[in-house]
Amino acid sequence: MNERIKLEYAAAAAAIGILIGLLFASPFVGMADNGDFLRVLMTAGLDYNPAAVSYEDRFFGWANSVFAYEGLRGAYITSQLIPVYIARSFGWLYDQTLFNVRFLGAVYSALLVSAVFLIVRSGRRHSLSAALMLAAGLLFVFLDVRYVAYFNSFFAEPVSLLFLLLTAATGLRLAQQDKPTTGAALLFFVCAFMLATAKLQNTPIGIVLALYGLRLLPLRWDRAWRRCVLWGCSTLFLLSALLYAFAPDGLKHINLYQTVFFGILNESPDVKGDLRDLGLPEKLAVNAGTNFFQTDAPIKQEAPEMKEDFYDRMSHGKVMLFYATHPQRLIGLLDRAAERGVQLKISYLGNYEKSEGKPALALSERYSGWSRLKAEFMPRSLWFVALFYLLYAAVCVVEWLRARSTAGRMTAELMLLVAFVGVFSFVIPVVGDGLADLEKHLFLYNAASDMMLVAAAAWLVHRIAGLIGGRRRRSGYGSYRY
């Protein structure tokens, strides 16, 4: 018991130390805005730093640590608003003139430390070796500056990362309880809700997690438990579906434009033929290869004729049908996504404030070992991605078949869910947004894949230690649990 407590607390303490050095020490490290901040700022009652008066000061080149307080001016729906409102409240108590984004970084940091603590504790239930590998992997991978620099920003990516980790952690906790509590089940559903509603592209994940939640029903047979699980599943399913259904038309228009003009038609061998297959007029061919935010598109993205000729005719259902009948085109785009998906670095968004004296787009390299290792050595092939996911899934299935307990089977199922999140987060950005901003849109894919790598390493170390321990016991050297 003492060893277990020391290990998980040691991992949490190490995480705190790394996060303080990266996010709260000088110089300030965050993420520059690419224009996405405004939706959240308006809904949270915040505005851009009044001192950053020029376009260059506010976007792309430099991050900003302070923002102005402002009245509510929008109604953008996302679970990201919950940590933002919490941080805003603490920031207001500290300084009522300017909001320091480090308060939001502190909220996210507390969630990451909690995830590390819970996952290491769950790993220790299997073996000390597994827990040690999990602790080392989590600290090396998920505290990399390319992940945590997002914490000092208003991007939704941290919410996706943190609640993917916490959904797995709370699911493992449920699996390991002899008699699962309703409190633990509610915490699992809350984490799944936060993950599913962080971004529009995550909402189908919520539907799958809601269906998985039905798996919890046989863990207990009393009425209170069944009511808790059924309410959790139905609420998660309904909220995920509603968030997608009532997404702003403007956001859907952006996604559709990117999907078609910067995805399907981008470097297409037959642009006009693709337009005919999509049921669109051939005159739109002049916009092939442009993205929604370009100002020099031949036909302006929000021109009245685009509504009639494109937005009213196009849907993601038609996109899916196109790829179903042109699978080679989808494979080609996915191969390009695999090539760019190993890159955690977003080179067009700076990490430093302008006052630090760094050049525009300068990036921090402190504690970036994992992201540099991944960018340099990870294979950049769709076939490697497919092989890794198939091998991982096969091991999960074998572990499920070998498991003699409900806890073992649920653990294998949760690990398979992480793989599902990875596959989904790899395909959907391409199908739903083309090749635009791909490194950033593959953030959740990277997070899920890195979770799989850490879990696979812990499983492998656990199995090797088990073999060594078995030999030692047969040789009469004791029965210590490795």
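The analysis underlying the following values was restricted to heavy atoms, covering all of them including side chains, and did not include hydrogens, waters or symmetry mates.
Listed for the T78 side chain is no donor-acceptor partner under 3.5 Å among the backbone atoms of L81. Between the side chain of Q301 and the backbone N or O of F292, at least one donor-acceptor pair lies under 3.5 Å. Side-chain atoms of Y392 come within 3.5 Å of backbone N or O of M415 as a donor-acceptor pair. In terms of modelled atom types and a separation under 3.5 Å, the side chain of E413 and the main chain of L417 share no donor-acceptor contact. The closest donor-acceptor contact from the side chain of N291 to the backbone of Q294 lies under 3.5 Å. No donor-acceptor pair closer than 3.5 Å links the side chain of Q258 to the backbone N or O of N255. Checking side-chain atoms of N446 against main-chain N and O of G341 turns up a donor-acceptor pair under 3.5 Å. R73 contributes a side-chain N or O that, together with a main-chain N or O of L46, makes up a donor-acceptor pair within less than 3.5 Å. Within the 3.5 Å criterion, the main-chain N or O of F67 finds no donor-acceptor partner in the side chain of N49. At distances below 3.5 Å, at least one donor-acceptor pair connects side-chain atoms of R88 with backbone N or O atoms of G45.
By the 4.5 Å heavy-atom criterion applied to side chains, L333 and Y323 are counted as neighbours. Counting heavy atoms from C-beta outward, N202 and L195 have side chains that approach closer than 4.5 Å. Between V430 and R336, the closest side-chain pair of non-hydrogen atoms is not below 4.5 Å. The side-chain heavy atoms of E157 and L161, taken from C-beta on, include no pair separated by under 4.5 Å. L38 is listed as a side-chain neighbour of Y48, based on a closest heavy-atom distance under 4.5 Å. Side-chain contact between F189 and T235 is absent, with no heavy-atom pair separated by less than 4.5 Å. Q343 places none of its side-chain heavy atoms less than 4.5 Å from the side chain of R146. Proximity of E365 to S368: side-chain heavy atoms (C-beta onward) are separated by under 4.5 Å at one or more points.
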Go through the steps for L349 and L361 under the test side chain to side chain contact (heavy atoms under 4.5 Å, CB included), then give the verdict.
CA-CA 6 Å; L349 297 175; L361 303 177; 5.9 Å; no

Going through the distances and angles, do W92 and Y69 end up as a ring-ring contact (aromatic ring centres under 6.0 Å, His included)?
CA-CA 9 Å; W92 173 263; Y69 290 105; 5.0 Å; yes

Could you go through the side chain to side chain contact (heavy atoms under 4.5 Å, CB included) check for R39 and Q80 one step at a time?
CA-CA 11 Å; R39 297 190 295 263; Q80 181 191 359; over 6 Å; no

Please step through side-chain hydrogen bond (donor to acceptor under 3.5 Å, both in side chains) for the pair W62 and E356, ending with a clear verdict.
CA-CA 10 Å; W62 292 279; E356 300 288 352; over 6 Å; no

Set out, in order, the CA-CA distance, both residues' side-chain angles and the distance that settles side-chain hydrogen bond (donor to acceptor under 3.5 Å, both in side chains) for S371 and D144, then state yes or no.
CA-CA 7 Å; S371 55; D144 188 285; 3.0 Å; yes

side-chain hydrogen bond (donor to acceptor under 3.5 Å, both in side chains) between S153 and D33, intermediate numbers included:
CA-CA 8 Å; S153 79; D33 183 14; over 6 Å; no

Run the side-chain hydrogen bond (donor to acceptor under 3.5 Å, both in side chains) test on W383 and D335 for me, step by step, so that the C-alpha distance in whole Å, both residues' side-chain angles and the decisive distance to 0.1 Å come before the verdict.
CA-CA 8 Å; W383 300 114; D335 198 45; 5.6 Å; no

Show your reasoning for whether salt bridge (Lys or Arg N to Asp or Glu O under 4.0 Å) applies to R329 and E267.
CA-CA 11 Å; R329 301 288 297 282; E267 300 182 10; over 6 Å; no

Could you walk me through whether N152 and M31 pass the side chain to side chain contact (heavy atoms under 4.5 Å, CB included) test, one step at a time?
CA-CA 7 Å; N152 280 339; M31 290 287 285; over 6 Å; no

Quick one, V342 with F377, criterion side chain to side chain contact (heavy atoms under 4.5 Å, CB included). Give me CA distance, side-chain angles, the key distance, then yes/no.
CA-CA 9 Å; V342 300; F377 296 107; over 6 Å; no

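Looking at every heavy atom in both residues, L200 comes nearest to P204 through O-CD, 4.2 Å. Of all heavy-atom pairs between A465 and S129, the closest is CB-OG, 3.4 Å. Minimum interatomic distance between N351 and S364 (heavy atoms only, all atoms of both residues): OD1-N, 3.0 Å. Shortest non-hydrogen contact noted between T43 and Y76 is OG1-N, 3.0 Å. Counting all heavy atoms, side chain and backbone alike, G213 lies closest to C233 at C-SG, 3.3 Å. Residues L72 and Y85 approach most closely at CD2-OH, 4.3 Å, considering heavy atoms.
Tested against F103 for a ring pair (Phe, Tyr, Trp, His ring centres under 6.0 Å), the candidates Y94, F151, Y108, F24 yield a single pass: Y94. Shown are L166, L162, L165; of these, the side-chain contact (heavy atoms from CB on, under 4.5 Å) with C191 is made only by L166.
Note: Y352 and F28 fail the aromatic proximity criterion, with ring centroids not under 6.0 Å apart. Between Y150 and F443, the gap from one ring centroid to the other is short of 6.0 Å.
Between F384 and F388, the ring planes are parallel. Angles under 30° get that label, and only those over 60° would be called perpendicular. Between F154 and F37, the angle of the ring planes goes over 60°, which puts this pair in the perpendicular group of the 30/60° scheme.
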